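Have a look at the structure below, then the notes.
Owing to the predicted nature of the structure, the values given are computational and were not obtained by experimental measurement. Every number for a ligand or one of its atoms is a count from 1 in the order of the listing. Computed over heavy atoms, backbone and side chain alike; hydrogens, waters and symmetry mates excluded.
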Amino acid sequence: MNAPSAMSASSLFDLHDRTAVVTGAMGLLGKEHCRALASAGARIVATDLDTGSALSFAEELRARGASGVLMMDADVTSPESLLALRDAALEQFGALDVLVNNAAIDDKVELPATALEESRFEQYALRRWRRALDVNVTGVFLASQILGTEMAKAGRGSIVNVASTYGVVAPDQALYRTPQGEQTFFKSPVYPTSKGAVLSFTRYLAAYWGDAGVRVNALSPGGVQNGQDAHFVASYSSRTLLGRMARPDDYRGALLFLASDASAYVTGTNLIVDGGWTAK
Ligand SMILES: NC(=O)c1ccc[n+]([C@@H]2O[C@H](COP(=O)([O-])OP(=O)(O)OC[C@H]3O[C@@H](n4cnc5c(N)ncnc54)[C@H](O)[C@@H]3O)[C@@H](O)[C@H]2O)c1
């Protein structure tokens, strides 16, 4: 690894000869993270609960510049599953350099008829609380422990934990009202709690592995426009300084920054990319 001072601007972001694991890789943002890392030349390990139908995505990543692609199912709440992923990635690529802990659940209430009652804090179900903490917090811990330990052994690496603006500020429950002011559901208590825990874990691990050469940072996205109704999009957009929701590809630059040597002196931080939502 060259000292950043000796590197050109583009080589600061270069990820050739680096292996990057992305969890939750088949989701809306997971795919964008893979695309960003591929465009910088990384070898990509794209993992999700089910990557079975994703052969064309592997082809796309190669076409974008990935120097290798491994698609493999793994459940971030299962140590066995992550150990199998680690072994397969090491066998194919020999090292692990970047881990993007992106997998999470956002605890959507499925039935509009019961959504309001089910999402009320006073009766929020313990099973929902436990499930989201398991995926969003324990999953980040486990993937960091099993995959990150390889980085610590090698004396280098970058872990990017995907958090959320809702790990930093409280949800604005008024967003989930109709134009007539009727609350349709409440954002759950567990999602912000889990993302706050991810931020705290990020600082813990950055401190723990600082002298092992492993940097650990969080990336906190704001809301992505993805088929929400026009009233929601307008309300959300008016809460940002840039006057719009994020596009799915708005996080590519921030992710590459944290994954690469461009952020060689950055650890333990939270990079908020939210169009100014949390600044307002
Ligand atoms: N989309 C947004 O507006 C937004 C805003 C802020 C933060 N985020 C965060 O960004 C990340 C990605 O969000 P997204 O919108 O792409 O979500 P998504 O639901 O589209 O993707 C999440 C992926 O995680 C996978 N996953 C769920 N449980 C898993 C498990 N146990 N093991 C392995 N994989 C599992 C799912 O299969 C899915 O493909 C999440 O951490 C989310 O909290 C998203």
Side-chain angles (χ1 to χ4, degrees), residues 21-36 45-54 57 71-86 99-108 110 128 130-144 146-147 159-172 175-176 187-188 190-199 201-202 217-228 232-233 236-237 239-240 244-252 254-255 258 270-275 277-278:
V21 181
V22 178
T23 69
M26 296 298 102
L28 179 69
L29 293 184
K31 281 190 165 168
E32 293 297 335
H33 301 330
C34 291
R35 289 179 178 123
V45 180
T47 179
D48 204 309
L49 289 173
D50 183 5
T51 57
S53 58
F57 186 56
M71 316 277 300
M72 186 167 162
D73 296 356
D75 179 342
V76 295
T77 66
S78 156
E80 299 73 27
S81 175
L82 288 167
L83 286 166
L85 178 75
R86 178 199 66 186
L99 168 62
V100 183
N101 278 314
N102 167 77
I105 54 175
D106 187 8
D107 191 36
K108 296 189 176 63
E110 292 82 14
R128 287 185 183 276
R130 285 190 168 143
R131 177 70 190 144
L133 288 183
D134 201 25
V135 177
N136 299 7
V137 183
T138 309
V140 172
F141 154 73
L142 269 181
S144 300
I146 291 171
L147 304 169
I159 297 178
V160 182
N161 295 326
V162 179
S164 167
T165 47
Y166 281 175
V168 180
V169 296
D172 180 353
L175 278 178
Y176 313 110
K187 188 74 179 179
S188 83
V190 71
Y191 184 77
T193 304
S194 70
K195 293 303 186 178
V198 166
L199 296 178
F201 175 71
T202 298
N217 291 290
L219 169 62
S220 284
V224 179
Q225 189 167 351
N226 182 35
Q228 298 95 339
F232 177 86
V233 173
Y236 191 101
S237 300
R239 285 284 319 262
T240 69
R244 67 172 176 86
M245 295 190 75
R247 294 185 301 264
D249 65 1
D250 268 326
Y251 302 107
R252 289 189 188 183
L255 181 81
L258 292 177
N270 177 27
L271 179 49
I272 302 176
V273 184
D274 67 348
W277 168 283
T278 52

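In this view, Pro171 and Tyr166, Gln173, Lys187, Pro192 satisfy the side-chain contact (heavy atoms from CB on, under 4.5 Å) rule, not counting sequence neighbours. Under the rule for a salt bridge (Lys or Arg N to Asp or Glu O under 4.0 Å), Lys31 has no partner lying at least two apart in sequence or in another chain.
When only modelled atom types and interatomic distance are considered, Ser220 and Asp274 share no side-chain donor-acceptor pair under 3.5 Å.
Counting heavy-atom neighbours within 6.0 Å of Arg244 CZ, excluding the residue itself, gives a total above 12.
Given atom 10 (O) of ligand 1, the protein heavy atom at minimum distance is Val162 CG1, 3.4 Å. The protein heavy-atom contact nearest to atom 25 (C) of ligand 1 is Asp48 OD1, 3.3 Å. Ranking protein heavy atoms by distance to atom 5 (C) of ligand 1, first place goes to Gly222 O, 3.3 Å. Among all protein heavy atoms, the one lying closest to atom 17 (O) of ligand 1 is Leu28 N, 4.7 Å. Distance from atom 42 (C) of ligand 1 to its nearest protein heavy atom, with residue and atom name: Tyr191 OH, 3.5 Å. Summary of contacts: the protein heavy atom closest to atom 31 (N) of ligand 1 is Asp75 OD1, 2.9 Å.
Near Ser164, meaning under 4.0 Å from one of its heavy atoms, ligand 1 places the atoms 6 (C), 7 (C). For ligand 1, the atoms lying closer than 4.0 Å to a non-hydrogen atom of Ala163 are 7 (C), 9 (C). The contact set between ligand 1 and Gly27, taken as ligand atoms under 4.0 Å from a residue heavy atom, comprises 16 (O), 20 (O), 21 (O), 39 (O). For ligand 1 and Gly24, the ligand atoms under 4.0 Å from any heavy atom of the residue are 23 (C), 24 (O), 25 (C). Per-residue contacts place Ala74 under 4.0 angstrom from the following atoms of ligand 1 (heavy atoms of the residue considered): 32 (N), 33 (C). Below 4.0 Å from some heavy atom of Gly223 lie the following atoms of ligand 1, by number and element: 3 (O).
In this structure, the separation between OG1 on Thr77 and CG on Leu82 is 8.0 Å, given to the nearest 0.5 Å. Interatomic distance, CG of Leu142 versus CG of Leu147, reported as 9.5 Å (0.5 Å rounding).
At least one donor-acceptor pair under 3.5 Å links the side chain of Thr23 to the backbone N or O of Ala103.
When Ser194, Ala103, Pro248 are ranked by how near their heavy atoms come to atom 34 (N) of ligand 1, first place goes to Ala103. Evaluated by nearest non-hydrogen atom to atom 44 (C) of ligand 1, the leading choice among Asn136, Leu82, Leu29, Val76 is Leu29. When Val140, Asp134, Val224, Asn102 are ranked by how near their heavy atoms come to atom 41 (O) of ligand 1, first place goes to Asn102. Selection from Pro221, Ala143, Ala104 by nearest heavy atom to atom 22 (C) of ligand 1 gives Ala104.
Using a 4.0 Å threshold on non-hydrogen atoms, atom 3 (O) of ligand 1 counts as touching the protein.
Summarising the geometry of Phe57 relative to Cys34, their closest heavy-atom pair is CZ-CB, 3.8 Å, with the distance given to 0.1 Å. The two atoms that bring Met26 and Asp50 nearest to each other are CG-O, 3.9 Å, heavy atoms only.
In this pair, Phe141 and Phe201 present their aromatic rings perpendicular. The plane angle is above 60°, beyond the 30 to 60° band.
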Do Val190 and Leu133 pass the side-chain contact (heavy atoms from CB on, under 4.5 Å) test, and can you show the C-alpha distance, the side-chain angles, and the key distance before you say yes or no? CA-CA 7 Å; Val190 71; Leu133 288 183; 3.9 Å; yes

